[in-house]
Amino acid sequence: MEFRILGPLVVCRADGRPAVLGGRKPRTLLAALLLARGRVVPDERLISLVWDGVRPSTVDAQLCTYASRLRRALPARLVRTGGGYLLEPSGTLDAQEFERLASAGAAAFRAGSASRAAGLFRAALDLWRGPVLADVAEPLRAGSAARFEELRLAALEGRIEADIALGDHLRAVPDATGLVLEHPLRERALALLMAALCASGRSADAVEVYHRGRRVLDEKLGITPGPALRAAYERVLQPSPEG
């Protein structure tokens, strides 16, 4: 069984058929239990997530009903214990697989294997189907989205860095450009774009990226570039070996 939260919540049975989960409330309940990764989630926590602070008088009975529906829909074991619910680990969770692949990619790059790193980062990023838990209640979605989005961006930056190391500038430059346009305050993204441009023979464009980024950081955050971005700028200014 596959549980997928990197996008709308989807559960796939062993035969490939999707499980019928119902509307937003049972989906939110299941998502909260999946994110707990085998830990008990107290009733009050589930109620606050599923009903978003609006507590109906029959909330306890409704929570029990949704849990019963999930038991029928899933072969995974949903346990009532200690004033809450626990979903016993069963099958795979795409978020865990993403984190495993991204971690392996980072380790491969540190070990000097850029090609393996690029492949692992790509495999991790391919698991994403859209915004995390796009179809569950807002408190849970918002609380989870920021963490997973940061992990996704770090994996994307890792893939771009591996592509630069491999000399794949035709892929690295547009990917880094898109990342900077979407996140102009990310200094690592700025440094990667500068490196990709410089490696492509576009040092003047890399210098412009630095100065534009410096202005944005000053205007938006009131800060100057950090050591890593300044070091990237210094590398751009160094004469090329051919020169």
Side-chain angles (χ1 to χ4, degrees), residues 5-7 93-134 142-203 205-221 223-238:
I5 67 171
L6 301 179
L93 178 62
D94 61 352
Q96 287 181 305
E97 179 66 2
F98 165 79
E99 291 185 60
R100 184 190 71 79
L101 290 167
S103 178
F109 191 81
R110 289 194 299 270
S113 181
S115 179
R116 175 169 167 74
L120 287 164
F121 282 128
R122 283 194 174 82
L125 292 164
D126 283 347
L127 294 172
W128 284 72
R129 298 168 292 111
V132 170
L133 295 171
S144 305
R147 173 179 176 270
F148 282 111
E149 178 63 8
E150 179 58 34
L151 292 173
R152 185 189 72 83
L153 292 174
L156 178 55
E157 289 169 339
R159 193 197 75 194
I160 293 170
E161 187 173 22
D163 285 339
I164 294 170
L166 292 169
D168 192 354
H169 310 130
L170 290 178
R171 194 194 303 261
V173 169
D175 285 352
T177 299
L179 183 58
V180 168
L181 288 173
E182 188 177 355
H183 299 278
L185 301 177
R186 287 185 74 88
E187 294 194 39
R188 187 184 179 197
L190 288 165
L192 289 170
L193 177 55
M194 290 163 57
L197 289 168
C198 188
S200 303
R202 299 169 58 187
S203 296
D205 290 336
V207 169
E208 175 57 28
V209 166
Y210 176 79
H211 288 298
R212 185 167 59 246
R214 185 185 61 181
R215 289 194 297 271
V216 172
L217 289 169
D218 179 48
E219 293 168 1
K220 299 295 184 181
L221 301 179
I223 63 174
T224 58
L229 185 54
R230 292 198 305 271
Y233 179 57
E234 292 297 326
R235 288 192 293 272
V236 170
L237 297 180
Q238 291 175 0

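Since this is a predicted model, take the numbers as computed values, not measurements.
Between Glu149 and His183, some side-chain heavy-atom pair lies under the 4.5 Å cut-off. Counting heavy atoms from C-beta outward, Leu101 and Leu127 have side chains that approach closer than 4.5 Å. Contact annotation: the side chain of Glu161 approaches that of Arg188 to within less than 4.5 Å [non-hydrogen atoms, C-beta and beyond]. Between Asp218 and Arg214, the closest side-chain pair of non-hydrogen atoms is not below 4.5 Å. Side chains of Phe121 and Leu156 form no contact here, defined as non-hydrogen atoms less than 4.5 Å apart. In this structure the side chain of Asp94 reaches within 4.5 angstrom of the side chain of Arg129, judged on heavy atoms. Looking at Leu197 and Val209, their side chains come closer than 4.5 Å, going by heavy atoms from C-beta outward. Leu179 places none of its side-chain heavy atoms less than 4.5 Å from the side chain of Asp175.
Separating the CG atom in Leu6 from the CG atom in Leu93 is a distance of 7.5 Å, to the nearest 0.5 Å. Going from atom CZ of Phe109 over to atom OG of Ser115 covers 12.0 Å, rounded to the nearest 0.5 Å.
Minimum interatomic distance between Leu166 and Ala118 (heavy atoms only, all atoms of both residues): CD1-CB, 4.1 Å. Contact detail for His169 and Ser200: the closest heavy-atom pair is CB-OG, 3.1 Å. Smallest separation of non-hydrogen atoms from Val132 and Phe148: CG2-CB, 3.6 Å. Residue Ala162 comes nearest to Ala114 through the heavy atom pair CB-O, 3.6 Å, listed as atom of the first residue, atom of the second, then distance. When all heavy atoms are compared, the tightest approach of Cys198 to Ala206 is N-CB, 4.3 Å. Contact detail for Glu187 and Thr224: the closest heavy-atom pair is OE2-O, 4.3 Å.
At most 12 heavy atoms of other shown residues, nucleotides or ligands fall within 6.0 angstrom of atom CZ in Arg116. Within 6.0 Å of atom CG in Leu185, more than 12 heavy atoms from other residues, nucleotides or ligands are found, so the atom counts as buried in its surroundings.
For Thr177 (side chain) and Val173 (main-chain N/O), a donor-acceptor pair under 3.5 Å exists by modelled atom type. In this structure, Arg159 contributes its side chain and Arg122 its backbone to no donor-acceptor pair below 3.5 Å.
Relative orientation of the Tyr210 and Tyr233 rings is parallel, given thresholds of 30° and 60° on the angle between their planes.
The pair Arg215-Glu219 does not meet the salt-bridge criterion, since no charged nitrogen lies less than 4.0 angstrom from a carboxylate oxygen.
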Under the salt bridge (charged side-chain N to carboxylate O under 4.0 Å, His left out) rule, what do Arg186 and Glu150 come out as? Steps first, then yes or no, please.
-> CA-CA 11 Å; Arg186 287 185 74 88; Glu150 179 58 34; 2.9 Å; yes

